[in-house]
There are 2 protein chains.
Amino acid sequence: MARKTGSHSEITGPRIRAVARSLFARYGFAAVSMRQIAAEVGVQAGALYLYTPDKETLLFELLKAHMDELLAAWDAVPAGDGPLARLEAFVRFHIRFNLDRAEAVFLSYMELRNLGPENFAVIEGLRRDYETRLETILRDGVVEGLFAAPDSKVASLAIIAMLTGVTTWYREGGRLDRDAVGDIYWDMVRKAVAA
Amino acid sequence: MARKTGSHSEITGPRIRAVARSLFARYGFAAVSMRQIAAEVGVQAGALYLYTPDKETLLFELLKAHMDELLAAWDAVPAGDGPLARLEAFVRFHIRFNLDRAEAVFLSYMELRNLGPENFAVIEGLRRDYETRLETILRDGVVEGLFAAPDSKVASLAIIAMLTGVTTWYREGGRLDRDAVGDIYWDMVRKAVAA
DNA sequence: AGATTATCTGAACGCGCGTTCAATACAATC
DNA sequence: GATTGTATTGAACGCGCGTTCAGATAATCT
């Protein structure tokens with residue numbers, strides 16, 4: 001027996017990526033075997049290699065796609081009117097986007113070390129791009145006298161770390177909904193960089 | 001050939017833990033083999049089992065010891081005069097302690113998922129203890145009207161995430177020394193919860 | 001209907017894994 | 001200098017790993 005009825009690469013490919021993302025996020029890249037991924041997809045291990053040259057590349061493509069989507073999604077957010085509005089937009093965007101893709105976020109922050117040097121550099125570069133987006137907002141605000149941040153680079157890293165931490169405790173259906181979380185974090189960020 | 005001259009359990013035990021902490025932090029728990037640890041210690045793999053019943057317990061004991069030391073170290077910090085002084089002490093303590101033990105911090109935040117449920121619960125409980133220390137400071141400050149934090153639990157998690165993030169970018173001998181980093185973060189935290 | 005192509009199976013490859021244990025070498029004690 | 005106890009070796013256990021590939025099946029094309 002080989003191919004099952006109705007199986008196609010347009011289905012299997014995305015399914016492999018979704019399953020891999022989920023399992024990598026839950027158990028860690030090194031702890032998940034190609035056979036486990038294949039089993040969850042409903043396919044033999046060898047079939048995975050129709051869709052990825054090797055395990056590390058599978059991880060890299062997940063991370064790369066996530067970072068690309070993150071940057072594209074932020075760039076699609078309407079530019080607010082001035083640094084304050086743009087900062088608020090950034091805070092709310094980052095929380096919303098990260099909660100929507102908790103698994104991919106987890107991966108991007110935890111499994112970078114499983115990439116070879118070249119792949120690592122690519123992801124690291126995209127991350128720096130994203131951080132620079134925020135840093136620019138902060139710097140603009142400082143210039144206009146709206147913000148007081150003694151070190152805009154450190155401030156942007158601090159803010160991103162704080163916002164990303166939401167994914168470690170937020171649970172759907174819990175005490176707070178997403179908008180309430182956004183309000184709380186925006187309040188803290190706004191004050192943290194206030195002039 | 002068996003034991004080498006001068007080898008004793010008082011030396012090998014701590015060395016195993018130090019090597020394991022370092023390798024786990026660098027490559028991840030699942031990606032490091034007992035043979036790699038043994039090789040770095042200068043011993044055969046079997047000898048590790050004189051010091052730990054299995055690999056997971058080795059990880060658990062590293063995490064447990066780290067959390068115990070974290071709580072003990074914070075409790076040894078002189079209680080400041082009022083919530084503002086205590087918050088400043090917390091911020092500077094957390095940064096200093098985490099930078100001193102970057103490997104253990106990394107482990108504690110990334111390899112929890114490799115523990116069984118009981119071991120996981122123990123570490124999780126200690127972490128919650130630590131978070132509660134900060135939350136109490138915030139709550140006291142809110143009561144006294146010094147702080148404005150709409151949700152002290154979320155605020156404490158946000159602050160800890162922000163502070164812990166220092167370990168991901170700080171490099172010894174870089175542009176900023178530890179005190180300068182402490183100043184920047186204290187400035188942000190102070191304002192973030194300001195009334 | 002027959003040939004071709006895309007998709008997948010199932011078995012195999014060599015290797016390293018966590019862990020166990022009898023044998024052994026050294027240190028301490030008598 | 002013999003005995004005892006501790007620290008360690010080195011080989012072995014069964015198992016699962018990532019990856020490859022010839023063969024089988026289903027869909028598509030002519």
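Per chain, numbering begins at 1; letters A, B, ... match sequence-line order. All values derive from a computational prediction rather than experimental measurement.
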query: Pick the nucleotide of DNA chain D nearest each of A:Q36 and B:A47; which residue has the one closer to the 5' end?
result: B:A47
Distance check needed: [N] [atom2] versus [X] [atom1], whole Å only.
X: A:L50; N: D:dA24; atom1: CG; atom2: C1'; result: 14 Å
X: A:L48; N: D:dC17; atom1: CG; atom2: C1'; result: 13 Å
X: A:Y49; N: D:dC21; atom1: OH; atom2: P; result: 13 Å

Under 3.5 Å, which donor-acceptor pairs do the side chains of residues 66-91 of chain A form with other protein atoms, sequence neighbours left out?
from	atom 1	to	atom 2	distance (Å)
A:D68	OD2	A:K64	NZ	2.7
A:E69	OE1	A:R101	NH1	2.3
A:D75	OD1	A:R133	NE	3.0
A:D75	OD1	A:R133	NH2	3.3
A:D75	OD2	A:R133	NH2	2.7
A:E88	OE2	A:R92	NE	3.0
A:E88	OE2	A:R92	NH2	3.3

task: May I ask you to check whether B:D129 and B:T132 show a side-chain donor-acceptor distance below 3.5 Å?
output: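 On atom types as modelled, these side chains do not qualify, holding no pair under 3.5 Å.
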message: Would you say that B:W169 contacts B:V181 through its side chain, given a criterion of any heavy-atom pair below 4.5 Å between the two side chains?
response: yes
- prompt: Between the side chain of A:T52 and the main-chain N/O of A:Y49, is any donor-acceptor distance below 3.5 Å?
  reply: no
message: Counting only heavy atoms and a strict 4.0 angstrom limit, can you tell me which residues of residues 53-62 of chain B come near DNA chain C?
response: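 Output list: B:D54, B:K55.
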DNA chain C-proximal residues of residues 18-34 of chain B, any heavy atom under 4.0 Å: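 B:V32, B:S33, B:M34 - these, ordered by number, are the residues of the stretch whose heavy atoms sit under 4.0 Å from the strand.
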Pairs under 3.5 angstrom only: tabulate donor-acceptor contacts from the side chains of residues 21-39 of chain A to other protein residues two or more places apart or in another chain.
from	atom 1	to	atom 2	distance (Å)
A:S22	OG	A:E103	OE2	3.4
A:S33	OG	A:R35	N	3.4
A:S33	OG	A:Q36	N	3.1

- prompt: Taking for each residue the nucleotide of DNA chain C with the nearest heavy atom, is it A:Q44 or B:R35 whose nucleotide lies nearer the 5' end?
  reply: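 So the residue in question is A:Q44.
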Only pairs under 3.5 Å count here: list side-chain donor-acceptor contacts from residues 114-126 of chain B, not counting sequence neighbours, and write none if there are none.
from	atom 1	to	atom 2	distance (Å)
B:N114	ND2	B:E111	OE1	2.5
B:N119	ND2	B:E56	OE2	2.9

query: Who passes ring pair (Phe, Tyr, Trp, His ring centres under 6.0 Å) against B:F60, sequence neighbours left out?
result: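 In terms of ring pair (Phe, Tyr, Trp, His ring centres under 6.0 Å), with neighbours along the sequence ignored, B:F60 is linked to no residue.
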Short side-chain N/O contact to D:dT8 OP1/OP2 from B:T12, under 4.0 Å: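 Looking at the OP1 and OP2 atoms of D:dT8, one of them is under 4.0 Å from a side-chain N or O of B:T12.
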query: Is any NZ, NE, NH1 or NH2 atom of the basic residue among A:E40 and A:R15 found under 4.0 Å from an Asp or Glu carboxylate oxygen of the other?
result: no
